[in-house]
Amino acid sequence: MSKGIDMRRERTLISEIPEKVGSTVTLYGWVHEVRDTARFIFIILRDRSGFAQITIPKQSMSELISVASRLHHEDVIMVHGTVVKSEIAKLGYEIIPNSVEILSRAIHPLPLDVTGKTPADLDTKLDARYLSLRSADNQAIFKIQTTALMAMREYLWKNGYIEMISPRIIAYASEGGADLFAVDYFGKKVFLAQSPQLYKEMLAGAFERVFEIGLFYRAEKSRTTYHLTEFVSVDVEEAFVNMDEITETLENLVKHVIEKVKENNKKELEILNHKLPPINSSFKRITYDEAVEIVKSKGIEMNWGEDFGAPQMKALSEEFTSQFYFIIDWPSQLRPFYTKPDPKRPEICKAFDLVYEWLEIASGSERITDKDLFMQNLLKRGLNPADFEIFIKYLSSGAPPHAGFGLGLSRLMLILTGKKNIKEVTMFPRDVDRLKP
Ligand code: ATP
Ligand code: MG
């Protein structure tokens with residue numbers, strides 16, 4: 001590689017080409033396609049901003065022809081050339097190069113065709129993630145994810161939420177334990193955190209409004225298109241709000257994300273051929289009781305007190321095409337031990353799920369702040385109060401009324417991109433079968 005070139009300073013991005021007609025530019029990128037015809041060698045060059053056509057007449061300098069004719073897909077090159085407006089070139093412009101330099105070779109055969117012309121199955125794409133992430137689809141997906149993350153932080157920062165970072169290594173199976181991963185910690189058995197639950201609750205008692213965007217772990221054996229063992233959760237906790245108010249926060253957060261993606265990612269949505277769901281009306285709220293009635297009215301069996309399985313969710317989705325909705329007021333037995341019961345009807349608790357069609361996107365609730373009730377709930381569920389010592393102290397140290405939720409980033413990404421499998425919208429997914437790359 002040429003020494004001493006300030007690549008970033010010298011470089012023109014492909015998206016800047018229309019402003020550079022007649023000038024000499026330096027482009028860096030990957031050989032997306034190369035076509036050798038009788039009179040020309042055409043290279044489609046790809047960088048993070050798009051595609052450009054490099055046209056090399058066969059009567060060019062022999063050195064140029066010799067480099068160009070040795071190029072393969074995914075070679076990394078530097079092109080020095082003049083921008084010409086072109087009626088025939090599909091992209092509207094072409095670059096007539098003075099020189100092409102190979103910076104890094106791609107040794108063929110590669111496991112995957114980045115152009116997508118030779119389709120590959122999902123496992124092949126995931127195995128060769130370093131290549132598949134270069135495809136137009138994946139570039140679009142993760143540009144949308146960046147917008148989504150930015151929009152969530154923007155919304156939360158603007159509304160005074162403090163960004164928190166809680167530990168991933170925890171000493172006790174503090175949320176029950178069934179789907180916790182155990183880890184060896186200098187000879188002691190510890191666990192990977194499933195969520196920041198009790199930490200965010202304690203922080204609501206310090207900062208009132210907190211959020212965290214981080215990886216959490218579930219020893220989830222279910223092989224579905226929407227479960228991973230390692231997933232990004234967007235957690236929010238807020239003091240001095242009730243269930244209605246925290247669902248408002250969640251609704252506004254999701255709407256803000258969709259607005260921002262609409263605004264910033266027109267091109268990416270086009271590439272994915274995807275339309276975002278409408279968000280002009282407020283998300284409906286139905287109670288668990290009402291949801292059970294809807295399920296039964298569709299001819300699917302369900303008893304009060306049972307959770308919605310796949311057939312029940314599909315039945316519900318018939319009422320909610322392209323819609324987000326909340327299911328509120330759940331049976332207490334279905335929700336975690338820290339969920340606040342309805343004082344008027346204790347078999348019900350102030351919990352909610354945010355659902356899109358049939359897919360759960362987020363769960364949340366008002367939390368118990370009464371120490372005695374919390375202790376009772378622990379014992380009822382066979383949990384050991386000693387494991388909750390610090391949290392119990394918190395509950396008798398001025399813990400404000402609070403509520404919150406956890407939202408699965410990749411589940412939201414399915415809605416933002418129209419993709420069907422959570423692994424497609426995760427850069428390096430982990431599930432029962434996959435630990436690589
Ligand atoms: P599910 O019933 O779909 O397994 P859950 O109710 O067990 O989810 P919660 O504990 O409510 O999950 O977690 C809050 C949110 O985190 C969920 O609504 C979902 O969006 C996301 N989430 C939970 N578990 C996973 C997972 N294994 N993979 C991906 N996202 C997850
Ligand atoms: Mg849930």
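On a predicted model such as this, the values are computed, not experimentally measured, just so you know. We count ligands from 1, going down the list as the structure has it; atoms in each ligand are counted the same way. Just so you know, residue 1 is the first one in the sequence shown, and it goes up from there.
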Starting from [atom], what is the nearest protein heavy atom, named by residue and atom, and what distance separates them?
atom	value
atom 20 (O) of ligand 1	Ile361 O, 2.7 Å
atom 8 (O) of ligand 1	Glu360 OE2, 3.7 Å
atom 30 (N) of ligand 1	Phe231 CD1, 3.4 Å
atom 1 (P) of ligand 1	His227 NE2, 3.6 Å
atom 14 (C) of ligand 1	Gly406 O, 3.5 Å
atom 19 (C) of ligand 1	Arg411 NH1, 3.5 Å
atom 12 (O) of ligand 1	Arg218 NH1, 3.3 Å
atom 27 (N) of ligand 1	Leu228 O, 2.7 Å

Test the Lys255-Tyr155 pair against the cation-pi criterion, namely NZ or CZ under 6.0 angstrom from the six-membered ring centroid and within 45° of the ring axis. no
Should the pair Trp330 and Tyr288 be assigned to parallel (<30°), tilted (30 to 60°) or perpendicular (>60°) ring geometry? tilted
Do the rings of Phe337 and Phe388 sit parallel, tilted or perpendicular, given the 30° and 60° boundaries? perpendicular
Heavy-atom side-chain contact between Asp235 and Tyr199 under 4.5 Å: no
Atom pair [atom1] ([X]) and [atom2] ([Y]), whose distance is rounded to the nearest 0.5 Å:
X	Y	atom1	atom2	value
His73	Leu131	NE2	CG	12.0 Å
Thr115	Arg134	OG1	CZ	13.0 Å
Asp113	Thr124	CG	OG1	12.5 Å

Answer yes or no for [X]: is there a heavy-atom contact with ligand 1 below 4.0 Å?
X	result
Asp307	no
Ala362	yes
Phe216	no

Which of these, Ile77, Thr12, Asp47, Leu13, sits in a side-chain contact (heavy atoms from CB on, under 4.5 Å) with Leu27? Thr12
Test: Arg434 and Glu230 ion pair at under 4.0 Å: no
Note: Asp137-Lys125 ion pair, threshold 4.0 Å (strictly below): no
Count, excluding waters, the protein N, O or S atoms that are closer to the Mg ion (ligand 2) than 2.8 Å. 2
